[in-house]
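Notes follow once the structure below has been shown.
Note that the structure is predicted; figures quoted are calculated from it, not measured. Chain identifiers are assigned alphabetically (A, B, ...) following the order of the sequence lines, protein sequences preceding nucleic acid strands; residue numbering begins at 1 within each chain.
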Amino acid sequence: MSLLEAENISIEFGGLKAVQNFNLKLKDHELFSIIGPNGAGKTTIFNMLTGIYTPTSGIVKMNDVVMNGKKIHEFTHMGIARTFQNIRLFGAASVLENLTIAMQSDAKYGLFDSLLRTSKFKAREKEIKENARELLSFFELDKKESFLAKNLPYGEQRKLEIARAMATHPKVLCLDEPAAGMNPSEVEDLIGIINKIRSSYDITIILIEHHMNMVMAIADRIKVIEFGITIAEGQPDEIKNDPKVIEAYLGKEEEQYA
Amino acid sequence: MMKIKNNDTNKTYLSYIVVPVLFFVLYYLIQTKTINMYWRNIILICGINGVVAMSLNLINGITGQSCLGQAGFMSVGAYVSAMLTKNVFKPYMTDTFQTYALFVAALIIGGLAAGLIGFLIGLPSLRLRGDYLAIITLGFGEMIRVMWRVVPAAGRAKGINSIPKVTNFVSVYIIVFLVMLIFRNFTKSSYGRSCIAVRENELAGETMGINTTAAKIRAFVFAAIVAGIGGGLYSHLMTFINPDTFNSAKSTDYVLYLYTGGVGSFSSALLGAIIFTIIPEILRFMGEWRLVVYPLVLILTMIYRPKGLFGKHEFGFMRFGEKENEYEKEENAGILMLISKAVKSLLNGKKEKTRKEAQ
């Protein structure tokens, strides 16, 4: 049994084969990274794994339940959460509200409880707020809880996105280019946060990233995609020395930085 | 607007006092005929328009959908409750207690009927958004209006007349207040938060485990129920309704009340409805010219106060007496904020002057 499994998933948009025969079997507690050049189909894979797209062929399974055709929120309830490459926060809501909105499944009260504000409702709401505040202090955002999300600086918006994903109590966390647009010191900060999440929560992470240093430093397993096709898979060291990968992706990077 | 500094709890309780005081003052003035029948009716219509504008705020302001058919929901409540009281309940409306019990029952049944229609209109909202949804709701609103023209029980184009006149100041005031409380409790719960998620970012909301489909349907049904209750109050105040009372111009009026008041806040929706119901009445002395001046007022409001006259501010009791923090204040930016800033700068100016004089 695996938390999240993909068997030969492919997706086509019209005639474009965006992803072909992608396989994934996630091991518990690992940090699995998907890399590849721009337009390789990484985000499309995420969209299939989180239910935004239904694969044209192949099966996505969570805890051995076939998830094809299920709604996005049902994927979330099965324990998968994600962040977005282009930040999608609830902009006009406060930082704290961003988390309480995501804690939807913790609110186990009915409509009448909320309209009449019963003691059950109040107890639940108090708990949700406390949990949200705890999560904010974990991500060192507690001093900004009443800021509107859209007024946060960029790096903190990225952090808040991760915090919001964590608020849904995920077992699998999908990070879509969390370091995009960050400077080296912010990337260091982000690596620290990811390590902190891994050590404090029982969680498996899938990471899409372009910062090779970051991926090589923290990933347990890497998969390389080019034009929707998997070209290599393995430990960071294997990937570094794979001639195909160097040709497709890392080679360019080394030329640039040599 | 309503703020008393209380250093112990950091809460404001002014609005908790203002609500009953305002009630008794208005009640006294109406009872002693200081406010004549004409203005009394205008006050009641203000309240009813406020109820419908607030219900529209749930769809447009909180859930971020666009609905242009609010008069359609209102007409369902108005017709169903009027048919009930006129044809079924009238013989039993003997004493005061029974009259009002049956009136409330008719309002609720009318509201539920409107809720059912709201559910039907909510369905297309799952696939459409923005302008397209607005067109659909506009069409649905018109459809309901035309439907009343062909239903024999609804009196066809003639409408229904001699409806028992049971809407009074007390019932309108209480219903406005209750509707505000219910909307507040709804928005401050996980149900309201899922509506906010739909407004802010539907896809992100869905990936956070929110059933956005259910949230949208819930908002439409809930808003339709409240609009239906508003319609019931309206028909029992006017004692006469016909299909053309609820045409698309009326729907547009509610959109106007909401956006000029301040979309996103129930208090602003109410205040917008009150102000823009009263302005045309005040302008009556101008005769036909008021139809020129009134739109001009609207245009100027939209140019200089694009977030609405009162922004996103809520009354104190709508925030459980919690104070707005500075970020919220800045963001909400209502006209009251502007006035208080102007007053403060004036006062500071005076202080500086006196300081200079002292020097």
Go through the atoms of [X] and report whether side chain, backbone, both or neither lie under 4.5 Å from a heavy atom of chain B.
X	answer
A:F90	both
A:T100	both
A:L111	both
A:T168	side chain
A:R124	neither
A:Y109	both

Other residues, nucleotides, ligands: >12 heavy atoms within 6.0 Å of [X] [atom1]:
X	atom1	answer
A:F13	CZ	yes
B:F320	CZ	yes
A:K71	NZ	no
A:E12	CD	yes
A:Y154	OH	yes
A:N86	CG	yes

> Which distance, rounded to the nearest 0.5 Å, do you find between the NE2 of A:H73 and the CG of B:N211?
Replying inline: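 Here the rounded value is 3.5 Å.
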> What distance separates B:Y191 OH from A:D113 CG, expressed to the nearest 0.5 Å?
Replying inline: 7.5 Å
> Looking at B:R184, B:R218, B:E206, which one has more heavy-atom pairs under 4.5 Å with chain A than the rest?
Replying inline: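 Heavy-atom pairs under 4.5 Å are most numerous for B:E206.
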>> As an exercise: rank B:L181, B:I182, B:L203, B:I196 by heavy-atom pairs under 4.5 Å with chain A and give me the winner.
In response: B:L203
Largest heavy-atom contact set with chain B, pairs under 4.5 Å, which of [options]:
options	value
A:A165, A:G110, A:A149	A:G110
A:D106, A:T83, A:N98, A:L115	A:L115
A:E74, A:R82, A:R164	A:R164

> Nearest heavy-atom pair of B:A204 and A:F84: which atoms, and what distance?
Replying inline: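 Answer, listing the atom of B:A204 first, then A:F84: CA-CE1, 4.0 Å.
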> Which heavy atom in A:I101 sits nearest to a heavy atom in B:A197, and how many Å separate them?
Replying inline: CG2-CB, 3.6 Å
Whether [X] side chain and [Y] backbone form a donor-acceptor pair below 3.5 Å:
X	Y	result
A:T76	B:T207	yes
A:H77	B:G209	yes
B:E200	A:A92	yes

>> Go through it in stages, so that I can follow the logic: the residues are A:Q104 and B:M208, the test is side-chain contact (heavy atoms from CB on, under 4.5 Å), and I'd like the CA-CA distance, side-chain angles, deciding distance and then a yes or no.
In response: CA-CA 8 Å; A:Q104 190 71 10; B:M208 292 304 123; over 6 Å; no
> Would you call B:R193 and A:E125 a salt bridge, using N to O less than 4.0 angstrom?
Replying inline: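 Salt bridge flag = yes for A:E125 with B:R193.
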> Going by heavy atoms in the side chains, are B:N201 and A:L89 under 4.5 Å from each other?
Replying inline: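 Heavy-atom side-chain distance check fails, nothing below 4.5 Å.
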